[in-house]
Amino acid sequence: AQSVTQLGSHVSVSEGALVLLRCNYSSSVPPYLFWYVQYPNQGLQLLLKYTTGATLVKGINGFEAEFKKSETSFHLTKPSAHMSDAAEYFCAVRAPITGNQFYFGTGTSLTVIP
Amino acid sequence: DSGVTQTPKHLITATGQRVTLRCSPRSGDLSVYWYQQSLDQGLQFLIQYYNGEERAKGNILERFSAQQFPDLHSELNLSSLELGDSALYFCASSAGQGYGYTFGSGTRLTVV
């Protein structure tokens with residue numbers, strides 16, 4: 001079975017500060033991992049994904065995430081927050097062998113303080 | 001524009017009624033997924049279709065049904081609507097297992 005835990009339903013950072021959104025997963029098989037962003041009244045947009053290969057993946061808008069198998073984590077980071085980063089962020093896991101379904105975390109709402 | 005089209009964008013209806021939500025996947029994508037997003041439940045997987053066939057079922061109520069047509073568009077039918085069915089309903093399509101979902105912008109359903 002697969003599941004995702006996002007620590008912190010609300011995160012606030014100052015503009016220009018480091019953004020760190022935490023995601024831990026549970027998967028019985030090597031997973032594919034994703035981060036999505038949702039702006040108000042919009043659908044979810046793919047930020048980045050890890051499938052195989054390099055464990056540090058870079059996404060859009062300056063975000064990156066590192067797959068750490070030993071910690072079962074896939075935390076999302078951005079060195080310097082921008083006001084436009086304020087949104088809801090979802091981590092998701094997909095088990096390529098056992099099925100196609102995505103399992104989403106409960107989301108983290110990011111607030112950027114000017 | 002993500003390439004996944006959902007209609008209508010907004011829907012207001014009364015309890016007990018039936019509605020149909022429509023989704024056209026991104027060109028070339030054979031899989032369509034339906035999700036319900038509500039404040040208390042978060043993103044809940046409802047059902048997946050692949051090339052016209054049901055592939056996986058999640059937390060979909062018996063009052064809800066879906067289908068995917070030969071042209072690959074999909075419809076989600078919600079019947080005997082209750083106040084608690086008010087939510088954002090998302091459709092997503094995927095090109096395959098190694099790819100992420102591409103989401104539509106959703107249909108906001110309000111049951112009054």
Side-chain angles (χ1 to χ4, degrees), chain A residues 1-10 23 27 29-54 57-60 63 65 67 74 76 87-109, chain B residues 1-7 9-10 21 23-26 29-51 53-60 68 87-110:
Chain A
Q2 292 76 40
S3 66
V4 172
T5 302
Q6 289 184 242
L7 297 175
S9 57
H10 298 275
C23 172
S27 178
V29 298
Y32 292 165
L33 296 160
F34 304 79
W35 274 99
Y36 284 84
V37 60
Q38 184 180 28
Y39 297 102
N41 300 313
Q42 294 187 28
L44 282 75
Q45 179 184 3
L46 181 65
L47 269 180
L48 50 79
K49 64 177 181 179
Y50 168 80
T51 53
T52 58
V57 294
K58 296 184 185 299
I60 62 172
F63 284 94
F67 169 58
F74 191 58
L76 181 70
E88 189 87 14
Y89 291 80
F90 292 91
C91 182
V93 63
R94 184 181 200 182
I97 296 176
T98 61
N100 296 314
Q101 182 183 338
F102 276 53
Y103 294 85
F104 285 89
T106 51
T108 297
S109 177
Chain B
D1 182 10
S2 68
V4 177
T5 304
Q6 286 188 252
T7 57
K9 291 192 183 303
H10 301 276
L21 312 183
C23 168
S24 293
R26 199 177 53 166
D29 287 355
L30 300 179
S31 283
V32 169
Y33 304 78
W34 285 98
Y35 279 81
Q36 179 193 59
Q37 186 180 35
S38 60
L39 283 175
D40 54 343
Q41 298 284 339
L43 267 167
Q44 296 283 313
F45 168 68
L46 295 178
I47 198 164
Q48 178 207 354
Y49 278 84
Y50 178 84
N51 202 21
E53 294 189 1
E54 182 184 303
R55 271 293 173 93
K57 239 178 183 177
N59 300 322
I60 189 166
Q68 187 179 28
L88 261 172
Y89 291 85
F90 285 109
C91 166
S93 71
S94 175
Q97 286 191 344
Y99 298 85
Y101 285 168
T102 300
F103 279 85
S105 56
T107 294
R108 182 172 292 281
L109 173 66
T110 303

Over 60° means perpendicular and under 30° means parallel, so tell me whether A/Tyr36 and B/Phe103 are parallel, tilted or perpendicular. perpendicular
Plane angle bin for A/Phe104 and B/Tyr35 - parallel if under 30°, tilted between 30 and 60°, otherwise perpendicular: perpendicular
Contacting region of B/Gln37 [heavy-atom separation from chain A under 4.5 Å]: side chain
What residue in B/Ser105, B/Gly42, B/Cys91 has the most heavy-atom pairs under 4.5 Å with chain A? B/Ser105
Please give me the minimum heavy-atom distance between A/Gln42 and B/Phe90, naming the atom from each residue. O-CZ, 3.7 Å
Would you mind telling me which of A/Tyr103, A/Tyr32, A/Phe102 makes a ring pair (Phe, Tyr, Trp, His ring centres under 6.0 Å) with B/Tyr101? A/Phe102
Let me confirm one number: the CG-CD distance from B/Leu88 to A/Gln38, rounded to the nearest 0.5 Å. 7.0 Å
